[in-house]
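To keep things clear, I will list the structure first and then write my remarks on it.
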Amino acid sequence: MDSFSNPSTGSSQQLSAQDIRKQLKNQLALEYAQQFLETVGRKCFEKCITKPGSSLGGSESSCISRCVDRYIEATGIISKALFTSQ
């Protein structure tokens with residue numbers, strides 16, 4: 001168990017506010033990454049895979065690659081715009 005779920009174990013050491021922020025930031029980053037992969041996977045699959053089978057055709061593979069690249073690029077542009085405007 002981590003110190004978030006059971007802070008009283010080995011309680012001689014308390015977490016600082018900075019440690020808590022760091023753990024929260026790490027958990028949020030992990031959640032964001034999982035949601036990103038699910039979204040990209042779902043959207044690119046729907047767009048590129050016309051006949052599901054045991055392997056990808058060349059055009060499907062290229063389509064997925066381009067789709068993921070575009071999604072990553074768009075996410076970067078949006079993130080940059082959000083964080084530089086503040």
Side-chain angles (χ1 to χ4, degrees):
M1 271 192 189
D2 63 324
S3 53
F4 260 0
S5 55
N6 196 359
S8 63
T9 52
S11 181
S12 63
Q13 179 182 10
Q14 289 187 341
L15 290 175
S16 69
Q18 184 177 11
D19 291 336
I20 292 171
R21 279 192 294 272
K22 184 177 179 182
Q23 284 184 354
L24 183 57
K25 184 178 178 179
N26 289 341
Q27 288 176 346
L28 288 172
L30 179 60
E31 178 65 26
Y32 175 78
Q34 288 172 335
Q35 286 181 359
F36 178 83
L37 290 173
E38 288 173 18
T39 301
V40 169
R42 185 180 68 255
K43 288 184 182 279
C44 292
F45 183 87
E46 289 171 359
K47 177 181 169 66
C48 299
I49 308 300
T50 55
K51 297 181 225 171
S54 61
S55 63
L56 292 176
S59 62
E60 291 173 330
S61 182
S62 296
C63 179
I64 288 177
S65 181
R66 286 190 310 271
C67 180
V68 170
D69 288 345
R70 280 191 219 124
Y71 201 92
I72 290 170
E73 183 181 357
T75 302
I77 290 168
I78 291 168
S79 296
K80 185 177 179 182
L82 286 173
F83 293 114
T84 58
S85 66
Q86 294 180 354

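This structure is a prediction, so every number in the text was calculated from the model and none was measured.
For E38, the side chain to side chain donor-acceptor pair (under 3.5 Å) criterion is met by no residue, not counting sequence neighbours. The side chain to side chain donor-acceptor pair (under 3.5 Å) search around T50 returns none, not counting sequence neighbours.
Minimum heavy-atom separation, S55 to E60: O-OE1, 4.2 Å. For the residue pair V68 and C44, the shortest heavy atom distance occurs at N-SG, 3.7 Å.
Side-chain contact between R21 and K25: absent, with no pair of heavy atoms (C-beta onward) separated by less than 4.5 Å. Using a 4.5 Å heavy-atom cutoff, the side chains of Y71 and T75 are in contact.
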Report task. Would you check, one step at a time, whether the test side chain to side chain donor-acceptor pair (under 3.5 Å) holds for Q23 with Q27? Result -> CA-CA 6 Å; Q23 284 184 354; Q27 288 176 346; 5.6 Å; no
Report task. Might you work through the disulfide (SG to SG under 2.5 Å) test for C48 and C63, ending with a clear yes or no? Result -> CA-CA 6 Å; C48 299; C63 179; 2.1 Å; yes
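Enclosure of atom CD in Q34 by more than 12 non-hydrogen atoms of other residues, nucleotides or ligands within 6.0 angstrom is indicated.
Tracing side-chain contacts under 4.5 Å through hydrophobic residues (I, L, V, M, F, W, Y), one never reaches L24 starting from Y32; they form parts of separate clusters.
Once rounded to the nearest 0.5 Å, the distance linking CZ of R70 with NZ of K43 reads 14.0 Å.
Judged by distance alone, the side chain of S65 and the main-chain N or O of S61 form no donor-acceptor pair under 3.5 Å.
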